[in-house]
Amino acid sequence: MTKPFGGLYAITPDTADTASLLARTRAILAGGAAILQYRNKSSDAALRREQGLGLLALCREHGAIFLVNDDVELARALGADGVHVGRDDAGIADARRVLGANAIVGASCYDKIELAEAAVARGASYVAFGAVFASSVKPEAVRAPLSLFADAKRLAVPSVAIGGISPANARQVVEAGADAISLISALYDAADPTAVARELAALYR
Ligand SMILES: Cc1ncc(COP(=O)(O)OP(=O)(O)O)c(N)n1
Ligand SMILES: Cc1ncsc1CCOP(=O)(O)O
Ligand SMILES: [Mg+2]
């Protein structure tokens, strides 16, 4: 019996320091992250493959779902559990054709419930809305209201919140109805990533 998709969803920061990335990711998984997304917009293919292999091994060690952002071919080559795609990435159906019917294909839906409806119709496994708060990683992101998560309850798939989420504001996102909260900075920049992960994961218990 597989666990329902949801809970604490960690996303990796862009870094060439693989040792630090893996050490911090291990700490976050130990704290209870259920899902990890490898997101790297700047490194070359060889480094992204090396980092992806290391992250996949950590997820298998901790029983966490491993997803790759944007790059369907890298997700396939690594044997990831799936991919997350946005408006400028591969289509949902194309991703599923490459990764298979059982793959997890998540879709960015920004601030639009209509995009989520379309994504579900195309076979998305979950839909993501954000940024729900100002994000230093993606300052240009459109702002998505928390009300979207109540609206999204009528969709057949889980919803994920992203953007500027931290221990200070996470509870309101969970109470708004997000099935998962995804974070980069509040986890990877924390003095004690395990403690922060534990605090955030506990919101879903
Ligand atoms: C869960 C989740 N939501 C949104 C994103 C954003 O992805 P990114 O590739 O940075 O931007 P878009 O392609 O969606 O515009 C994500 N990575 N994960
Ligand atoms: C990738 C992405 N998409 C919308 S906001 C964001 C960045 C999330 O990073 P943080 O959790 O540090 O705000
Ligand atoms: Mg993308």
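Counting starts at 1 for both ligands and their atoms, following the listed order.
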Nearest-contact summary for [atom] - protein heavy atom, Å:
atom                    : value
atom 12 (P) of ligand 1 : Tyr110 OH, 3.5 Å
atom 11 (O) of ligand 1 : Lys138 NZ, 2.6 Å
atom 7 (O) of ligand 1  : Asn69 OD1, 3.8 Å
atom 3 (N) of ligand 2  : Lys138 CD, 3.5 Å
atom 18 (N) of ligand 1 : Gln37 NE2, 3.0 Å
atom 7 (C) of ligand 2  : Ser135 OG, 3.4 Å
atom 5 (S) of ligand 2  : Gly163 CA, 3.6 Å
atom 6 (C) of ligand 1  : Ser108 OG, 3.7 Å

Open item on the list: Could you measure the distance from the OH atom of Tyr38 to the CG atom of Asn69? Nearest 0.5 Å is fine.
Closed with: 10.5 Å

- [ ] Taking the side chain as every heavy atom from C-beta outward, state whether His84 and Arg39 have any pair of such atoms under 4.5 Å apart.
- [x] no

Open item on the list: Tell me the nearest of His84, Arg39, Lys41 to atom 9 (O) of ligand 1, using heavy-atom distances.
Closed with: Lys41

Open item on the list: Regarding atom 12 (O) of ligand 2: of the candidates Ser185, Pro139, Ala186, Ala131, which has the closest heavy atom?
Closed with: Ser185

For the backbone of [Y] and the side chain of [X], can you confirm whether one donor and one acceptor N or O come within less than 3.5 Å of each other?
X      : Y      : value
Arg198 : Gly31  : no
Asn169 : Gly164 : yes
Tyr110 : Leu115 : no
Ser182 : Ala10  : no
Arg122 : Gly91  : no
Arg24  : Tyr188 : yes
Lys138 : Ala131 : no
Thr194 : Ala27  : yes

Going by the order shown, which atoms of ligand 1 are within less than 4.0 Å of some heavy atom of [X]?
X      : value
Ile11  : 18 (N)
Tyr9   : 1 (C)
Ala128 : 1 (C), 3 (N)
Asp89  : 13 (O)

Task: Within reach of ligand 2, part of Ile184 (heavy-atom separation under 4.0 Å) - done: both

Hey, which atoms in ligand 2 end up nearer than 4.0 Å to a heavy atom of [X]?
X      : answer
Val137 : 7 (C), 9 (O), 12 (O)
Leu183 : 11 (O)
Arg39  : 1 (C)

TODO: Please work out which of the three classes, parallel, tilted or perpendicular, describes the rings of Phe149 and Phe129, given edges at 30° and 60°.
DONE: perpendicular

TODO: Could you check whether the rings of Tyr126 and Phe5 sit parallel, tilted or perpendicular, using 30° and 60° as the cut-offs?
DONE: parallel

Task: Shortest-distance N/O/S atom, Asp70 versus the Mg ion (ligand 3) - done: OD1

TODO: Determine, for Arg60 against Asp81, whether the closest basic-nitrogen to carboxylate-oxygen distance falls under 4.0 angstrom.
DONE: yes

Open item on the list: Salt bridge or not between Arg171 and Glu199? Use side-chain N to carboxylate O under 4.0 Å.
Closed with: no

Task: Test of proximity, Ser136 against ligand 2: N or O pairs below 3.5 Å - done: no

Task: Non-hydrogen atom of Gly164 closer than 4.0 Å to ligand 2 - done: yes

Open item on the list: Under 2.8 Å from the Mg ion (ligand 3), is there any N, O or S atom belonging to Asp89?
Closed with: yes

Task: ligand 1 contact by Asp88, heavy-atom criterion under 4.0 angstrom - done: no

